[in-house]
Amino acid sequence: MIAETGLAALWLAAALALLQLFLAFFGLKGGKPELLPAVRPVAIAQGLLTAVAFALLITLFLRSDMSVLLVATNSHSMKPWLYKFAGTWGNHEGSMLLWVAVMGMAGATVALFERALRRDTHMATLGAQAAISLGFYAFLLFSSNPFARIDPPPPDGQGLNPLLQDPGLAFHPPTLYLGYVGLSVAFSFAVGALLTRAVDAAFARAMRPWVLAAWILLTLGITAGSYWAYYELGWGGWWFWDPVENASLMPWLAATALLHSVTVLATRDGLRAWTVMLAVVAFSMSMVGTFLVRSGILTSVHAFAVDPERGSFILVLLAIYIGGALALFGWRIRTVREGAPFDLVSRETWLVINNLLLSVILGVVLIGTLYPLMTEAFGHKVSVGAPYFDRIAGPLALALMVALAAGPLTRWRRDSARAVARRLLVPAVALVIAALMLAFAPVRMGTLPWLGLVLAIAVGIASLAPLWKRRLLRTPLFTYGMVIAHLGCAVSLAGMACDSAFTVEKLVAARPGDTIRTAGWTLRFVQILPIAGDNWTALQADMQASRNGGAPVTIHPQSRFFAAPPTTTTEAALLTRWNGQLYVVLGEEVEGNRWQMRIWWKPFVTLIWLGGILIALGGALALVGRERRGWLIKWRARRATEA
Amino acid sequence: MRTILIWLPLALFLAFIGLFAAGLFQPDDHIINSKLVGQPLPAFVLPAAASDRPALASTQLATGKPRLLNIFASWCVPCAAEAPQLEALRAAGADIDAIAIRDARADVDAFLARYGNPYARIGLDARSSVQIALGSSGVPETFIIDGRGRIAYQHIGDIRADDVPMILDRLKATR
C-alpha cells in the first residue's frame with residue numbers, strides 16, 4: 001500500500017503543478033486576475049505532496065520492502081540502517097524523486113515567505129517554477145517510477161555500490177541536489193522578472209537569499225565530494241577533473257558569479273541583463289550536470305546510473321527550459337533599461353572582473369569536459385586530463401584571487417586609485433616577503449604552487465583588511481560573512497599549493513616486522529589480520545606510526561571485500577596532524593607475505609577542505625545577516641507607522 | 001545592446017544541444033584505433049624462427065607493395081584457429097611475413113607443419129622486444145604495412161572468416 005500511496009501523491013502533485021501553471025498564466029495573461037489568489041495555496045499543497053511521496057520512499061527502504069523493484073535492486077536487508085536510509089537517493093529514481101521533492105518544497109517556500117517581490121512577478125515566478133517541476137514529474141512518472149513493484153519479490157536485494165557505503169557520501173548527493181534546485185528557484189525568479197518586466201534592485205534582493213543558500217549547499221557538497229574521493233578512492237588526490245566532478249563545479253562557478261553580480265544589482269542597480277543571464281546559465285549548468293551524470297554520454301568513474309533513454313529525456317527538458325529561457329531573454333532583454341553607471345575605479349569594476357574570470361573558467365571547464373564529445377562527433381577519440389585544466393584554469397583562478405583581494409577594499413561607484421593602492425599596501429608587502437622567502441627556501445617547488453602559496457598568504461591578509469579600523473561589534477554580519485568566505489578561498493588555495501609542492505610519496509613492498517621511513521615518519525608494519533564488519537570482511541594491517549621519534553600511534557589501512565555486490569575497496573588509513581596528513585593505502589600481496597603499500601605525507605592538505613567549510617560558513621553568515629537586517633528594517637518601519 | 005550579442009547565448013546553447021543529441025544517438029563503439037597507424041615500423045632485425053624460411057628485418061617490409069605482418073606464437077591457441085584465414089589471404093594474393101613471439105625453432109616448425117605455412121619470412125622475437133615496440137599487447141595480431149614501410153592498419157586478435165574480405169579491401173586500398 002505504501003508504494004501505491006506514494007505514486008498517488010506524486011500524480012496528484014503533478015496535477016497540482018499543472019493547475020498552478022494554468023492559474024498563474026490565465027491570472028496574468030488571460031485577464032482573469034481572480035485566479036491569482038489560488039496560486040500560492042496550490043504551490044504549498046504541491047510541495048507537501050512531494051514531501052509525502054519522498055517520505056514514503058524512505059519508509060520502503062527502511063523496511064527493506066523487496067516487493068518494490070527499486071528497493072530490491074539497490075538495497076539489502078543486511079545493510080546498516082544508515083545506508084538503507086541513504087540508499088533512498090543512492091540510485092537514479094530515488095535521486096530524481098529527491099530532486100522533485102526539493103523543488104516542490106522550494107516552490108512552497110517561495111509561495112509562503114516571499115513578500116518583497118511585486119505581486120505579478122511573484123505569481124510569474126511560481127508559474128515558471130511549476131513549469132519546470134512539470135517536466136521533472138513527467139520524467140519521473142513516465143520513465144523512472146520509483147514505486148514500481150516486482151512480482152514475485154526476490155528473497156533479498158542486490159545491495160548498494162560499496163563505494164557509496166560511507167557516511168560522508170550519504171549526505172553528499174542530497175546537499176548538491178539542494179544546491180541545484182536552489183538554482184532552479186533563481187532561474188524561476190529570472191524568468192518571472194523577464195515576463196513581468198521587473199528586472200531591478202528589488203528583484204535582485206528577493207533572488208539573493210536563494211542564490212546564496214544554493215551556493216552554500218553547492219560549496220558544502222563539492223567540499224564533501226572532494227574529501228570523499230580523497231579518502232575513499234585511495235588515490236591520494238583530491239580533485240580528478242572527472243566529468244562528474246566538473247558537473248558539480250560548473251554550477252558552482254556560475255552561482256559564484258551570480259552571487260557577486262546579484263549583489264551589484266541589489267546594491268547599485270547595475271548589471272541587470274548580465275545577472276538575468278547568469279541566473280539562466282547557473283541552472284542550465286545544474287541541468288547539464290545532471291544530464292552528463294545520468295546519460296552516460298561521457299565516460300566517468302562516477303557513472304553510476306547510465307541510461308541513454310533517460311539521457312534523451314533530460315536533453316529534451318534541457319532544450320525546452322533553457323532554450324525557452326534564452327529565447328525569452330533575447331526577446332525581452334531590450335525592455336530592461338540600462339542599470340546605474342559606475343566609474344572605472346570602483347567595486348563594481350572588480351566584480352565585473354570577478355564575473356568575467358569566473359565565466360572564462362566556467363567556459364574552460366565546460367569545453368574540457370565536453371571536448372571528448374566534440375571530437376567524437378568528428379570521428380576522433382581523445383580524453384582531456386588534469387594537465388589541461390590545471391594549466392588553463394589554474395592561472396585564471398590565481399588572477400581571480402587578485403580581484404578577490406582588491407574588490408572589498410574598493411568603494412562602490414567611484415574611488416581613487418591611490419586610496420585603493422594604499423589599502424592594498426600591507427598585503428602587497430606580505431606578497432613580496434612571502435615570494436622572496438619561498439623562492440630562497442630549501443625546498444624545490446613548481447612555479448604554479450609557488451605562486452599559489454605566495455598569493456594565498458597575501459590574499460589571506462587582504463581578505464581580513466575590510467575589518468581593519470572598524471568597530472568590530474558594529475560591523476554587519478554579512479561583512480563578516482564576506483571576510484570569512486574570502487579567507488576560506490585563501491586557506492583552500494594554500495592547502496592546494498602545499499599539497500602539490502610538498503607531498504612526499506613512497507611505494508614499498510613490506511613484510512610484517514619491517515620498518516619504513518619516509519618524510520620524518522617511522523612506520524612499523526606489525527601484522528596483517530582478517531577482520532569482519534557489518535556487511536564486509538577485510539584484511540587489515542596494524543601499523544605503528546611515529547613522527548620524529550614521538551609516541552607511536554596505531555593505524556589500520558584496510559582492503560575491504562563486500563559480498564553484495566562483490567567488490568573490493570581500499571580504506572586508506574589517515575592520520576591527521578595540525579601540519580598535514582599521513583595517508584597509507586594497503587595494496588595487494590605481492591609474493592611471500594610481502595604487501596604493497598603506498599604512503600603519502602601531505603603537509604597542510606586539510607586546509608583545502610577547511611577552506612571549503614570556511615567559504616560555506618561565510619555564506620551562511622551573509623545569509624543570516626542579510627535576512628536579519630531585512631526583518632529589522634521591516635520591524636522598525638512597522639513600529640514607526642504604529643507610533 | 002547589439003542584436004547579435006542578445007541571441008548569441010541561444011545559438012551557442014542550440015549548438016550544444018545538437019552536440020549532445022549527436023553524442024547520445026551515435027552508436028556506441030569502443031574500438032580504439034591504434035596510434036601507430038601512419039607511423040613507420042620500428043627498426044628491427046630478427047633471426048629466423050623456422051628452418052625453411054628466411055629471417056626478417058624491418059627494411060624488408062618496405063618493398064613498394066603492401067604486405068601483411070602477422071604476430072603469432074606456436075603456443076597460442078587462437079593463432080592455430082586463425083591459420084585457415086591466413087591461408088585464404090595468401091591464396092587471394094596477399095604477401096604475409098610473420099614474427100614468432102617467445103618461441104623455439106622446433107616448436108615453430110611443428111606448428112607450421114600442422115597448421116600450414118603462408119609466410120614468406122619469419123623472424124624470432126625471443127624477448128617480445130619488437131612486439132612491444134609495435135604496440136602489440138598479445139598474439140595474434142596482424143598489421144598491414146604499406147609499400148614505404150609504414151603501418152596502415154592494426155588488427156587486434158585473431159582474424160575471423162568474416163574479417164578476410166575486410167582485410168583484403170584494406171590491403172587493396174593501401175599503397
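Worth knowing before you read on, the calculation uses all heavy atoms, side chains too, and leaves out hydrogens, waters and symmetry mates.
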(request) Check whether the side chains of B/Arg105 and B/Ser51 place a donor and an acceptor atom closer than 3.5 Å, and report yes or no. (result) no
(request) Please name the pair of heavy atoms, one in A/Phe389 and one in A/Thr369, separated by the smallest distance, quoted to 0.1 Å. (result) CZ-N, 3.9 Å
(request) Measure across A/Ser95 and A/Tyr177 and return the closest heavy-atom pair with its distance rounded to 0.1 Å. (result) O-CE2, 3.1 Å
(message) Just to be sure I understand the criterion: a residue of residues 250-257 of chain A counts if one of its heavy atoms is under 4.5 Å from a heavy atom of chain B. Which ones qualify?
(response) none
(request) Identify the two heavy atoms, one from B/Ser74 and one from B/Asp107, that lie closest to each other, and give their separation to 0.1 Å. (result) OG-CB, 3.4 Å
(request) Just jot down the salt bridge (Lys or Arg N to Asp or Glu O under 4.0 Å) partners of B/Asp163, sequence neighbours excluded, or say none. (result) none
(message) Minimum heavy-atom separation for A/Glu245 and A/Trp241, please, with both atom names.
(response) OE1-N, 3.0 Å
(message) If the condition is salt bridge (Lys or Arg N to Asp or Glu O under 4.0 Å), which residues does A/Asp269 pass it with, not counting sequence neighbours?
(response) A/Arg272
(request) Give, as side chain, backbone, both or neither, the part of A/Val281 having an atom under 4.5 angstrom from any heavy atom of chain B. (result) neither
(request) Using atom types as modelled and distance alone, determine if a side-chain donor or acceptor of A/Tyr388 lies under 3.5 Å from a backbone N or O of A/Val364. (result) yes
(request) Look only at the side chain of B/Asp103 and the backbone of B/Ala73, and say whether a donor-acceptor pair between them is shorter than 3.5 Å. (result) no
(request) Using heavy atoms and a sub-4.5 Å threshold, report which of residues 317-328 of chain A line up against chain B, by residue number. (result) A/Leu318, A/Ala319, A/Ile322, A/Gly323, A/Leu326, A/Ala327
(request) Looking only at non-hydrogen atoms, find the nearest pair between B/Ile159 and B/Thr142 and report the distance. (result) CD1-OG1, 3.5 Å
